[in-house]
Colleague: 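The structure is given below, and queries will be raised subsequently.
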Amino acid sequence: MSETNPAAAAPQAEAAPHRYTAAMAADIEARWQDFWAAEGTYEAPNPKGDLAGAPALAARPKKFIMDMFPYPSGAGLHVGHPLGYIATDVYARFQRMTGHNVLHTLGFDAFGLPAEQYAVQTGTHPRVSTEANIENMTSQLRRLGLGHDKRRSFATIDPDYYKWTQWIFLQIFNSWYDEEANKARPISELVAQFESGERPVPGTTRAWSALGETERADVLGRYRLAYASDAPVNWCPGLGTVLANEEVTAEGRSERGNFPVFKSKLRQWNMRITAYADRLLDDLDELDWPEAIKLQQRNWIGRSEGARVDFPIDGERITVFTTRPDTLFGATYMVLAPEHPLVEKFTPAAWPEGTHEVWTGGHATPAEAVAAYRAQAASKSDVERQAEAKDKTGVFIGAYATNPVNGERVPVFIADYVLMGYGTGAIMAVPAHDTRDFAFARAFELPIRCVVEPTDGRGTDTTEWKDAFASYDARIVNSANDSVTLDGLGVVEAKARITEYLRGEGLGEGTVNFRLRDWLFSRQRYWGEPFPIVYDEDGIAHPLPESMLPLELPEVEDYSPRTFDPDDADTRPETPLSRNEDWVNVTLDLGDGRGPRKFRRETNTMPNWAGSCWYELRYLDPHNSERPVDPEIEQYWMGPREGMPHGGVDLYVGGAEHAVLHLLYARFWSKVLYDLGYVSSAEPFHKLFNQGMIQAYVYRDSRGIAVPAAEVEERDGAYYHQGEKVSRLLGKMGKSLKNAVTPDEICAEYGADTLRLYEMAMGPLDVSRPWDTRAVVGQFRLLQRLWRNVVDEATGEVTVVDVPEADVDVDTLRALHKAIDGVRQDLEGLRFNTAIAKVTELNNHLTKTGGPLPRPVAEALVLMTAPLAPHIAEELWRRLGHTDSVVHRDFPVADPAYVVDETVTCVVQIKGKVKARIEVSPEISDEELEKVALADEKVVAALGGAGIRKVIVRAPKLVNIVPA
RNA sequence: GCGGCCGUGGCGAAAAGGCAUACGCACGGGCUUUAGGUGCCCGCGGGAGUGAUCCCAUGUGGGUUCGAAUCCCACCGGCCGCACCA
């Protein structure tokens with residue numbers, strides 16, 4: 001090994017031939033990595049099946065520790081990528097040393113846009129480039145010494161894996177949500193209810209048996225948890241695909257590529273995640289997740305309690321959703337979303353007599369005004385729409401509805417500040433108590449009626465109001481009719497009373513509305529899981545039978561997506577799979593007793609999120625060919641237990657950017673599989689931890705162009721590149737900013753153990769911080785000193801002395817056991833930075849003490865280091881004479897007798913300022929300590945004869961004296 | 001605009017409401033080496049003093065407390081999320 005490394009081959013200075021150098025680290029690390037691979041050190045036994053075994057390990061309590069798996073990008077890794085992987089590895093190693101059977105592995109999320117775009121750029125087939133990237137990344141990661149169970153690794157593009165992704169899709173397709181049971185059930189049970197008449201068939205008076213096949217398919221499509229529908233979707237011509245709401249930014253652009261996104265009506269697959277809105281919200285309470293992420297999910301789900309209220313119009317009714325039914329008496333007009341389907345129906349031929357001029361938009365007829373406004377609204381991108389958010393636009397449709405509680409005629413408008421996608425797409429406008437309605441009412445000179453008494457002294461006459469009064473903490477006024485009055489009630493009571501009244505009158509009901517929309521699940525891409533769906537000649541979708549899975553991606557000549565002018569909203573997507581007619585048109589026997597028939601295949605593919613929706617389950621039982629995961633194995637690793645009522649992975653570490661995408665989708669799939677009885681865990685990830693980002697300085701020249709960070713020099717607090725002054729800013733690390741540092745170069749310069757220590761020592765795991773290559777050497781020095789404390793640099797001999805722990809001097813034992821105690825707590829709490837500080841402190845203490853280390857101290861030190869720097873720990877452990885690996889050794893346990901000092905320093909304060917320190921016994925009583933403190937000469941001097949008003953004693957650490 | 005998080009040495013950062021600045025980097029001094037990088041030792045928040053010592057410092061201003069980096073209020077600055085959600 002050393003022959004291939006010139007640095008290692010060069011005769012090192014005679015002074016220290018056995019010094020811990022980069023060359024030695026490289027040698028040690030390679031040897032132990034080979035050893036671990038050969039021994040299967042990190043293999044975690046299952047309770048049964050092909051991965052069963054190692055009974056001693058299998059009998060231990062389990063820990064399932066997981067990273068968010070990576071996209072195998074073509075760019076390779078920089079030092080920011082492995083931060084989380086190192087953290088979980090340290091934690092997993094610590095858990096192995098504290099009596100757990102630890103499952104820790106890593107796979108690859110290899111379908112999807114990034115992998116595909118790289119393939120398109122390089123002109124290679126996605127499978128070829130993706131597999132090469134996986135191989136490259138695997139070898140980069142191997143160099144870090146991560147303790148993964150390799151047998152459990154897979155990529156989402158493996159047909160053996162996506163067979164089950166497709167299978168789960170079919171389970172979802174073949175399920176419906178039973179609102180009464182509050183869970184998903186097989187669609188066959190719904191059909192049985194229709195057949196028996198137990199449940200009436202919606203939308204028809206006819207019996208189930210009287211319906212044709214297409215009609216039945218349509219009915220079931222309204223229940224299935226995976227369904228195709230024609231709805232306005234996010235169409236991104238620049239990417240050539242439709243996108244989920246979660247993938248579109250607030251500016252109305254694609255998260256990836258930043259192209260414009262348009263609303264376009266297209267037939268697409270959806271997942272009925274909205275059926276789970278309540279459970280996705282409620283179950284958050286039981287999860288050990290960062291509050292910020294929980295909050296983001298809560299906001300995304302967006303539960304609002306309110307009421308539906310019907311406004312009669314022309315013998316029909318328009319239903320609105322409101323969270324403020326208490327202000328119903330103040331509703332002076334209505335607004336529908338421009339695309340609301342009822343608009344045409346109520347738009348009359350001519351403007352009613354005396355229609356206000358500003359309401360018509362200057363158009364001759366209502367139909368003209370509506371058409372013009374709709375065209376204008378549709379052409380506006382979301383960006384423009386938002387930029388103009390303050391200026392309210394809209395147009396009167398020429399019709400009046402009736403306010404159901406006071407019988408007043410209220411004009412009906414369309415305006416783009418009302419969104420079709422939220423609530424019922426229609427609102428009652430209460431301008432006095434809603435900021436948006438207020439702005440609209442002022443613009444269109446609509447009446448503003450105060451029904452909530454302002455508490456800020458402005459009075460109930462709204463003519464001079466500058467803005468709406470939207471407070472909840474106030475009393476209702478001007479709100480009574482012959483049968484109900486809200487006057488004098490608080491907002492909460494008023495809501496309850498009016499809702500009750502509306503229900504009684506058949507005018508509305510209390511309801512809960514969600515912001516969450518169904519999940520758009522199809523993409524016009526090649527590089528994704530094909531849908532296991534075929535269409536018969538009537539266009540009815542049929543699931544493929546399980547025996548036809550996996551439905552593999554066909555080889556096609558042209559796998560690139562058909563993209564368009566990013567700004568051309570009138571384009572239509574084209575699926576790459578549709579280019580292969582031989583694959584699309586098939587004759588199949590679906591096993592439904594109807595023999596071979598002609599079908600067309602679904603040519604959309606699944607989104608890149610599909611593969612990551614259930615991968616935690618496959619790690620458990622990766623080779624199972626009968627089912628996604630064996631229930632007994634799933635129960636062992638992920639089943640509910642004390643403190644985790646929904647079960648799940650014990651620790652899941654990844655970036656916060658997946659707060660509402662992957663993490664929401666995976667929870668949804670989990671719940672469907674749970675409802676259908678395939679798994680015992682209703683949540684995939686019990687504890688979630690978001691690691692921070694490793695940032696890097698970006699240096700730009702006077703033109704604003706990034707210059708290579710490695711070539712920048714610092715002089716007197718300024719930065720120079722080739723003599724030119726450059727500016728410095730903190731940013732992301734990456735190739736484009738010319739500031740990427742790779743793990744490979746740090747490993748070459750110092751070794752993997754140093755890199756691991758540095759990344760963990762930089763600061764708390766959840767905080768973002770800048771990378772500083774110069775500072776890495778500090779952790780290298782720690783390892784050198786550790787090495788020197790055990791091995792003689794000149795001779796290579798181990799220098800420890802064999803003495804029993806009882807003979808070790810007490811100061812050293814105190815330092816040791818305090819460190820053990822602290823490091824244990826820090827590792828358990830993922831505070832790796834302070835754990836390393838404590839190891840460093842102990843090591844420095846031992847260095848200063850001088851002389852050979854007593855064996856019990858050296859061994860404990862090595863074991864404590866093992867989770868953080870596993871290679872050097874293995875090497876020293878072996879040199880200390882052991883033949884086994886440190887990996888499954890017990891982590892040292894602190895002896896409480898040595899964790900407390902014999903004497904402690906007690907601080908004596910006067911009015912909170914430290915005036916004296918005295919050495920006292922840790923067992924000293926409050927009374928005794930007070931006496932000693934008051935007798936101290938410095939204290940006496942500081943008091944200067946002043947009397948004492950009060951003495952606070954916190955034995956044995958502190959006395960605080962308050963003079964009179 | 002709404003919501004959340006965060007402000008401590010030159011830098012990354014430590015501190016169950018109880019000795020602020022642990023640990024590391026950088027910097028300064030010394031030692032070792034023919035020499036150098038990634039070796040070793042010492043010093044290192046600011047100010048005063050020859051000195052044991054004293055005073056002042058946790059974004060700013062108030063408050064609670066015997067005692068506040070930590071809790072509360074307001075402001076300033078930064079980061080993140082949502083954004084016409086009825």
Side-chain angles (χ1 to χ4, degrees), chain A residues 13-16 19-22 250-251 290-293 295-296 298-300 302 304 306 320-324 327 335 385-386 388-392 415-419 421-430 433-437 439-440 513-516 656-657 659-660 714 717 730 749-750 754 757-758 761-764 766-785 788 793 831 833-841 843-844 847-848 905-917 949-954 957-963:
Chain A
E14 308 82 64
R19 172 168 292 169
Y20 181 80
T21 59
E251 287 80 38
E291 275 309 315
I293 300 289
L295 194 69
Q296 278 187 59
R298 289 193 185 107
N299 290 343
W300 189 261
S304 309
V320 303
F321 172 74
T322 178
T323 54
R324 295 293 303 270
T327 63
V335 185
R385 212 163 141 155
Q386 266 174 43
E388 297 162 11
K390 277 151 261 139
D391 309 320
K392 292 284 174 290
D416 64 4
Y417 82 92
V418 174
L419 312 172
Y422 186 79
T424 62
I427 63 157
M428 63 178 211
V430 184
H433 308 295
D434 180 282
T435 332
R436 296 147 305 178
D437 296 344
F440 191 88
N513 193 60
F514 291 93
R515 202 186 87 112
L516 184 70
E657 67 274 17
V660 290
E714 184 182 352
L730 207 51
E749 207 171 341
Y750 298 105
T754 298
L757 277 179
Y758 176 67
M762 286 170 82
D766 55 349
V767 173
S768 293
R769 58 212 159 257
W771 177 265
D772 181 8
T773 298
R774 285 188 312 180
V776 177
V777 66
Q779 300 308 321
F780 185 61
R781 287 183 189 137
L782 165 63
L783 293 181
Q784 279 188 324
R785 285 199 296 273
R788 213 163 21 234
E793 286 192 340
R831 294 182 297 271
N833 55 328
T834 50
I836 291 169
K838 281 163 190 153
V839 170
T840 309
E841 228 169 331
N843 198 48
N844 288 351
T847 305
K848 280 199 187 99
T905 309
C906 175
V907 181
V908 186
Q909 300 175 330
I910 293 176
K911 283 193 76 178
K913 306 249 180 202
V914 181
K915 294 293 173 186
R917 291 165 228 271
R949 196 172 61 165
K950 192 174 175 184
V951 181
I952 294 108
V953 185
R954 295 280 180 275
K957 300 279 285 184
L958 178 128
V959 176
N960 190 17
I961 301 160
V962 188

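Letters A, B, ... mirror the listed sequences (proteins, then strands); counts begin at 1. None of the values given here were measured: they were computed from a predicted structure.
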Colleague: If you only use heavy atoms from C-beta on, which nucleotide in A13(B), A22(B), U38(B) is closest to the side chain of Glu841(A)?
Modeller: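 That would be A22(B).
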Colleague: Nearest whole angstrom, please: distance from the P of C80(B) to the CD of Glu291(A).
Modeller: 21 Å
Colleague: Among the candidates C40(B), C42(B), A14(B), find the nucleotide nearest to the side-chain atoms of Asn833(A).
Modeller: A14(B)
Colleague: Using a heavy-atom cut-off of 4.0 Å across all strands, would you classify Arg788(A) as base, sugar-phosphate, or nothing?
Modeller: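 Arg788(A): backbone/sugar contact only, no base atoms under 4.0 Å.
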Colleague: Rounded to whole Å, how long is the line connecting atom CD of Gln784(A) with atom P of G37(B)?
Modeller: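 Gln784(A) atom CD is separated from G37(B) atom P by 14 Å.
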Colleague: Which part of the nucleic acid, if any, lies within contact of Asn299(A), taking any heavy atom under 4.0 Å across all strands shown: a base, the sugar-phosphate backbone alone, or nothing?
Modeller: nothing
Colleague: State whether Phe440(A) and Lys392(A) meet the cation-pi test: NZ (Lys) or CZ (Arg) under 6.0 Å from the six-membered ring centroid, and within 45° of the perpendicular axis.
Modeller: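 So Lys392(A) doesn't make the cation-pi contact.
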Colleague: How is Asn844(A) classified with respect to the nucleic acid when contacts are heavy atoms under 4.0 Å: base, sugar-phosphate, or nothing?
Modeller: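 Answer is sugar-phosphate: Asn844(A) comes under 4.0 Å of backbone atoms only.
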Colleague: Which part of the nucleic acid, if any, lies within reach of Val907(A) when heavy atoms closer than 4.0 Å are counted: base, sugar-phosphate only, or nothing?
Modeller: base
Colleague: Which base, if any, makes a Watson-Crick or G-U wobble pair with G10(B), both distances under 3.5 Å?
Modeller: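 Pairing partner: C25(B).
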Colleague: As a test of reading the structure: which of C25(B), U38(B), G18(B) is closest to the side chain of Arg781(A), going by heavy atoms?
Modeller: C25(B)
Colleague: Of Glu749(A) and Lys915(A), whose closest RNA chain B nucleotide lies nearer the 5' terminus?
Modeller: Glu749(A)
Colleague: C79(B) and C72(B): how far apart are their C1' atoms, nearest whole angstrom?
Modeller: 24 Å
Colleague: Which of these nucleotides, C25(B), C66(B), G24(B), is closest to any side-chain atom of Val962(A)?
Modeller: C66(B)
Colleague: Once you measure the plane-to-plane angle for Phe780(A) and Tyr20(A), does it fall in the parallel (<30°), tilted (30-60°) or perpendicular (>60°) bin?
Modeller: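 Geometry flag for Tyr20(A) against Phe780(A): tilted rings.
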Colleague: Which of the following nucleotides, A86(B), G24(B), G18(B), is nearest to the side chain of Phe321(A)?
Modeller: A86(B)
Colleague: Send over the distance from Leu958(A) CG to A20(B) P, rounded to a whole Å.
Modeller: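 Going from CG in Leu958(A) over to P in A20(B) covers 10 Å.
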Colleague: Using a heavy-atom cut-off of 4.0 Å across all strands, would you classify Asp437(A) as base, sugar-phosphate, or nothing?
Modeller: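 Touches nothing.
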Colleague: Looking across every strand, which nucleic acid part, if any, lies under 4.0 Å from Val767(A) by heavy atom: base, sugar-phosphate, or nothing?
Modeller: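 Here Val767(A) touches the backbone only, sparing every base.
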Colleague: Mind checking if Arg774(A) touches a base, just sugar-phosphate, or nothing, with heavy atoms under 4.0 Å?
Modeller: sugar-phosphate
Colleague: Take atom NZ of Lys957(A) and atom P of A20(B), then tell me their distance rounded to the nearest Å.
Modeller: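 It works out to 12 Å between those atoms.
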Colleague: Give the rounded distance in Å between these two atoms: CD of Gln296(A) and P of C79(B).
Modeller: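 Rounded to the whole Å, the gap is 17 Å.
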Colleague: Which whole-number value in Å describes the distance from Arg949(A) CZ to G67(B) C1'?
Modeller: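 One finds 13 Å between C1' of G67(B) and CZ of Arg949(A), rounded.
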Colleague: Over how many whole Å does the gap from Leu782(A) atom CG to C23(B) atom P extend?
Modeller: 13 Å
Colleague: So which nucleotide from C42(B), C23(B), G18(B) ends up closest to the side chain of Ile952(A)?
Modeller: G18(B)
Colleague: Which nucleotide, in any strand shown, forms a Watson-Crick or G-U wobble pair with C5(B), with both distances under 3.5 Å?
Modeller: G78(B)
Colleague: Can you check the distance between G59(B) and G10(B), where both ends of the measurement are the P atom (answer in whole Å)?
Modeller: 13 Å
Colleague: I'd like to know if Lys392(A) reaches the base of C84(B) with its side chain such that a donor and an acceptor end up less than 3.5 angstrom apart.
Modeller: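 Side chain to base: pair found, below 3.5 Å.
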Colleague: Under 4.0 Å, heavy atoms only, any strand: does Arg831(A) hit a base, just the sugar-phosphate, or nothing?
Modeller: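 No contact.
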Colleague: Using whole Å, what does the distance between atom P of nucleotide G12(B) and atom CZ of Arg769(A) come to?
Modeller: 12 Å
Colleague: For Ser304(A), which contact category applies under a 4.0 Å heavy-atom criterion: base, sugar-phosphate, or nothing?
Modeller: sugar-phosphate
Colleague: Using the C1' atom on both, measure A14(B) against G62(B) and round to a whole Å.
Modeller: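 Here A14(B) and G62(B) have their C1' atoms 28 Å from each other.
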Colleague: Starting at the 5' end of RNA chain B and moving along, which residue's nearest nucleotide shows up first, Asn513(A) or Ser768(A)?
Modeller: Ser768(A)
